[in-house]
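Okay, so here's the structure we're looking at.
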Amino acid sequence: MKLGKQKSIKDITGRAGEVWRHHSPQCDLQGLWRNDLGSNMTLLALNTAGTFLGFYLTAVTATNKQILVSPLQGAQQHPGAKRHPPFAFTVQWQFSDSTTTLVGQCFVDCSGKETLETTWLLWEEVTSHRDTWKATGVGTSILIYIK
């Protein structure tokens, strides 16, 4: 696997880090991603087991609290073995009583544009078992690789 030039980026927390990009049609989750609503996500390098950490800064919320950068952790299925392996990660929101898990797959089009196609499930804390019907939200999100 050929590695590209090393370059410095600032992630959504403002910290500088080094990023290695692959020159192949295989998806690389590491980097800065953005969805159509303006939410930003920074994924750090995968380890050899395929697990990774990162940060998510959502642009939308159902609360009236100040939005904060929130940590995430996840795993990619068989990293390096397939061109477009599935992945999953969980965001622990720092400004609300909810957690979101996203599952999906990375795709590279013929021009080299990388996208993450995901389905998300949000669970918000409720006060009683009777209220669990209103605790969940489900949706889809497409994130585009920025750098």
Side-chain angles (χ1 to χ4, degrees), residues 1 7-22 24-109 111-147:
M1 184 178 306
K7 60 182 176 180
S8 180
I9 65 162
K10 284 194 177 183
D11 66 16
I12 59 176
T13 64
R15 293 182 297 202
E18 301 300 322
V19 175
W20 288 93
R21 298 300 294 171
H22 300 286
S24 73
Q26 181 174 2
C27 281
D28 183 357
L29 295 181
Q30 181 178 335
L32 176 62
W33 300 84
R34 183 171 296 131
N35 71 12
D36 61 330
L37 298 174
S39 298
N40 290 305
M41 175 178 73
T42 299
L43 298 181
L44 306 177
L46 277 73
N47 65 22
T48 55
T51 61
F52 58 90
L53 300 173
F55 304 95
Y56 202 102
L57 180 60
T58 186
V60 296
T61 182
T63 74
N64 57 2
K65 296 179 182 177
Q66 178 184 357
I67 295 173
L68 302 172
V69 174
S70 299
L72 65 83
Q73 56 184 324
Q76 184 180 36
Q77 188 69 17
H78 307 295
K82 297 185 185 272
R83 289 179 52 188
H84 309 288
F87 60 86
F89 59 87
T90 299
V91 181
Q92 180 187 10
W93 300 114
Q94 299 298 293
F95 59 91
S96 71
D97 296 324
S98 62
T99 299
T100 300
T101 296
L102 292 90
V103 297
Q105 192 170 354
C106 182
F107 294 97
V108 181
D109 69 14
S111 67
K113 180 180 174 184
E114 293 173 281
T115 59
L116 303 180
E117 301 215 12
T118 68
T119 298
W120 54 265
L121 173 66
L122 178 139
W123 187 284
E124 188 170 0
E125 181 181 22
V126 291
T127 56
S128 75
H129 177 70
R130 289 185 314 218
D131 294 329
T132 58
W133 65 271
K134 64 181 178 179
T136 59
V138 179
T140 60
S141 182
I142 297 175
L143 294 110
I144 307 296
Y145 177 73
I146 303 300
K147 61 180 177 180

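Below, all heavy atoms of this structure are taken into account, side chains as well, without hydrogens, waters or symmetry copies.
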Close side-chain approach of Val108 and Glu114, heavy atoms under 4.5 Å: yes
Is the closest side-chain heavy-atom distance between Thr118 and Phe87 below 4.5 Å? yes
Which atom names give the shortest non-hydrogen contact between Pro85 and Gln76, and what distance separates them? CG-NE2, 3.2 Å
Reported CD-to-OH distance for the pair Gln30 and Tyr145, which is rounded to 0.5 angstrom: 8.0 Å
Partner of Thr100 by side-chain hydrogen bond (donor to acceptor under 3.5 Å, both in side chains), out of Trp93, Trp120, Tyr56: Trp93
Applying side-chain hydrogen bond (donor to acceptor under 3.5 Å, both in side chains) to Thr140 and not counting sequence neighbours gives none
What distance separates Thr61 OG1 from Leu68 CG, expressed to the nearest 0.5 Å? 10.0 Å
Minimum heavy-atom separation for Thr58 and Ile67, please, with both atom names. O-CG2, 3.4 Å
Within the 4.5 Å heavy-atom criterion, are Leu43 and Leu72 side-chain neighbours or not? yes
Please test Leu116 against Leu29 for side-chain contact (heavy atoms from CB on, under 4.5 Å), starting from the C-alpha separation and ending with a verdict. CA-CA 8 Å; Leu116 303 180; Leu29 295 181; 3.6 Å; yes
Any donor-acceptor pair under 3.5 Å linking the side chain of Ser39 with the backbone of Ala59? yes
Between the main-chain N or O of Gln92 and the side-chain N or O of Gln94, is there a donor-acceptor pair closer than 3.5 Å? yes
Distance from Ile144 atom CD1 to Arg34 atom CZ, nearest 0.5 Å? 10.5 Å
Could you list the residues that satisfy side chain to side chain contact (heavy atoms under 4.5 Å, CB included) with Lys134, not counting sequence neighbours? Val126, Asp131
CG of Leu32 to OG1 of Thr42, rounded to nearest 0.5 Å, is 5.0 Å
Who are the side chain to side chain contact (heavy atoms under 4.5 Å, CB included) partners of Trp123, not counting sequence neighbours? Thr132, Ala135, Thr136
To the nearest 0.5 Å, how far apart are CG in Asp97 and OG1 in Thr127? 11.5 Å
As an exercise, state the distance from CD of Gln105 to OG1 of Thr115, rounded to the nearest 0.5 Å. 9.5 Å
What I'd like to find out is whether the side chain of Leu46 reaches to under 4.5 Å of the side chain of Phe52, using heavy atoms alone. yes
